[in-house]
Amino acid sequence: MGERIFNFSAGPAVLPEPVLRQAQQDLWNLDGSGIGILEHSHRGKAFTKVIEEAESDCRALASIPAKYRVLFLQGGASLQFAMVPMNLLGKHANADYVITGSWAKKAADEAKMYGNVHIAGSSKPTNFDRIPPASDLHFSARPAYVHFTSNTTIFGTQWRSEPAVPVGAPLICDASSDIFSRPIDVSKYGLIYAGAQKNLGPSGVVLVIIRDDLLKSVREDIPTMMRYSIHAENNSLYNTPNTFGIYIMGQSFKWMLQQGGLAAVAEHNAAKAGVIYDFLDQSAFFKGTAQADSRSLMNICFRGPSEELETKFITEAKAAGLDGLKGHRSVGGMRASVYNAMPIEGCTRLVEFMKDFERANR
Ligand SMILES: *Cc1c(COP(=O)(O)O)cnc(C)c1O
């Protein structure tokens, strides 16, 4: 088997090596059952153990209070853009959205199909280079909920802490690109969702953590598969779930627990991003694009002196075993995604490469 290289892709993204090695074994034969994980019935004993452990490890990892349900759904984060308003926004009700980038805008656009959307704040005027300060957020009087995106994958910004919202308004978070990258106080939220392919596992499967009182207000005039209450009643087994996706998420939870939990994971992530930002801050050649106080520890966006040199950088980096550094097609430049599973060696190798490239092309 060939050597692996450093993968800075924004998603699907790098997974922890021990998770992949365990998956190799379990693909062939899960737990001595003589049947691989892909081949087990979702109602059988072997998979029941997988999903139950995934839930309990997830709960332990994020100290999820008992009054929250943990669901493993399908359709990625994008289906949640629709499911959130479908379930929780009445026809004449109002929901507040904070727009920090393209994903947040997509979420708000879906909600407009179900009810009224109030934009409580936006960093569009500065090309999404920051998280709006609290003084720039203006919520409506009684929103059905407030939606924000904890980490802006495309522009490389991240909330330092949750926005303070009107009393009683459930806070809803798209945490797709920084879920479990740091400790999270779940009790501040009504609902958290995250597509798995950045920090947790393969694409397609999505983690949803929902406060149980919200299940009672779920609308009944929507398709069965779209109802949170149905998935909660059936423990995420209403239909055949993405069994492999749930299995890999479960293995990732175990790996994060072994790392020492979310506090240890956060410390490691801060050290990793620090290596790259420290270099960017002193370079006259490369330049970070996000405002310093809004920088993401997951997606580090930067530019070179010209588009030609950026293309050259991306090509040569790939040849040197550093892949996935091209920025999102909507913004250009470079982006280093350094999710939980990226080892610090990846960050130091990238900085060494950047130093050499700067010297050779100055
Ligand atoms: C990647 C991403 C999405 C889209 O996820 P899909 O699973 O492709 O639907 C949504 N929100 C954020 C913040 C993301 O990073």
Side-chain angles (χ1 to χ4, degrees), residues 7-15 71-86 95 97-111 113 121-124 128-132 145-160 162-163 171-182 184 189 191-209 225-226 236 241-242 244-246 248-249 252 269 273 289-290 294-301 324 326-331 335-342:
N7 174 15
F8 293 92
S9 164
V14 57
L15 285 167
L71 307 176
F72 301 102
L73 306 185
Q74 301 182 59
S78 297
L79 190 60
Q80 294 308 305
F81 295 166
M83 274 180 73
V84 164
M86 254 185 171
Y97 280 74
V98 184
I99 309 296
T100 48
S102 328
W103 294 122
K105 183 174 184 306
K106 281 190 176 172
D109 287 346
E110 289 295 300
M113 295 188 214
S122 171
S123 51
K124 187 157 191 264
F128 302 120
D129 69 342
R130 69 195 65 185
I131 297 300
Y145 59 80
V146 174
H147 180 284
F148 80 113
T149 312
S150 51
N151 183 74
T152 300
T153 327
I154 294 175
F155 297 93
T157 62
Q158 187 175 27
W159 292 76
R160 291 289 171 272
E162 297 82 1
L171 183 62
I172 298 196
C173 181
D174 174 0
S176 294
S177 52
D178 70 348
I179 182 94
F180 299 165
S181 67
R182 56 186 177 182
I184 181 167
Y189 295 83
L191 188 154
I192 301 164
Y193 64 91
Q197 71 272 29
K198 277 102 185 195
N199 247 342
L200 304 177
S203 57
V205 63
V206 52
L207 176 70
V208 173
I209 302 168
M225 272 294 284
M226 302 292 164
S236 306
N242 179 342
F244 186 65
I246 295 167
I248 295 283
M249 278 168 101
S252 294
N269 285 333
T289 54
S294 299
R295 283 169 167 174
S296 167
L297 300 189
M298 298 280 99
N299 309 98
I300 300 170
C301 296
K326 196 169 172 2
H328 190 269
R329 54 196 146 78
S330 66
V331 294
R335 171 177 52 179
S337 297
V338 292
Y339 299 119
N340 287 354
M342 172 61 68

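For ligands, and for the atoms within them, numbers begin at 1 and follow the listed sequence.
Ligand 1 is surrounded by G76, A77, S78, F81, W103, T149, N151, T153, D174, S176, S177, Q197, K198, each with at least one heavy atom closer than 4.0 Å.
Annotation: R329, atom CZ; neighbour count of heavy atoms from other residues, nucleotides and ligands within 6.0 Å does not exceed 12.
Relative ring orientation between H147 and F81 is described as perpendicular, the plane-to-plane angle rising above 60° on a 0-90° scale split at 30° and 60°.
For R182, the salt bridge (charged side-chain N to carboxylate O under 4.0 Å, His left out) partners at least two apart in sequence or on another chain are D178.
Y97 places no side-chain N or O within 3.5 Å of a backbone atom of D109 that could act as its donor or acceptor partner.
Defined by atom type and a distance below 3.5 Å, a donor-acceptor pair is missing between the side-chain atoms of S181 and N269.
Nearest heavy-atom pair across S294 and I131 is OG-N, 3.0 Å.
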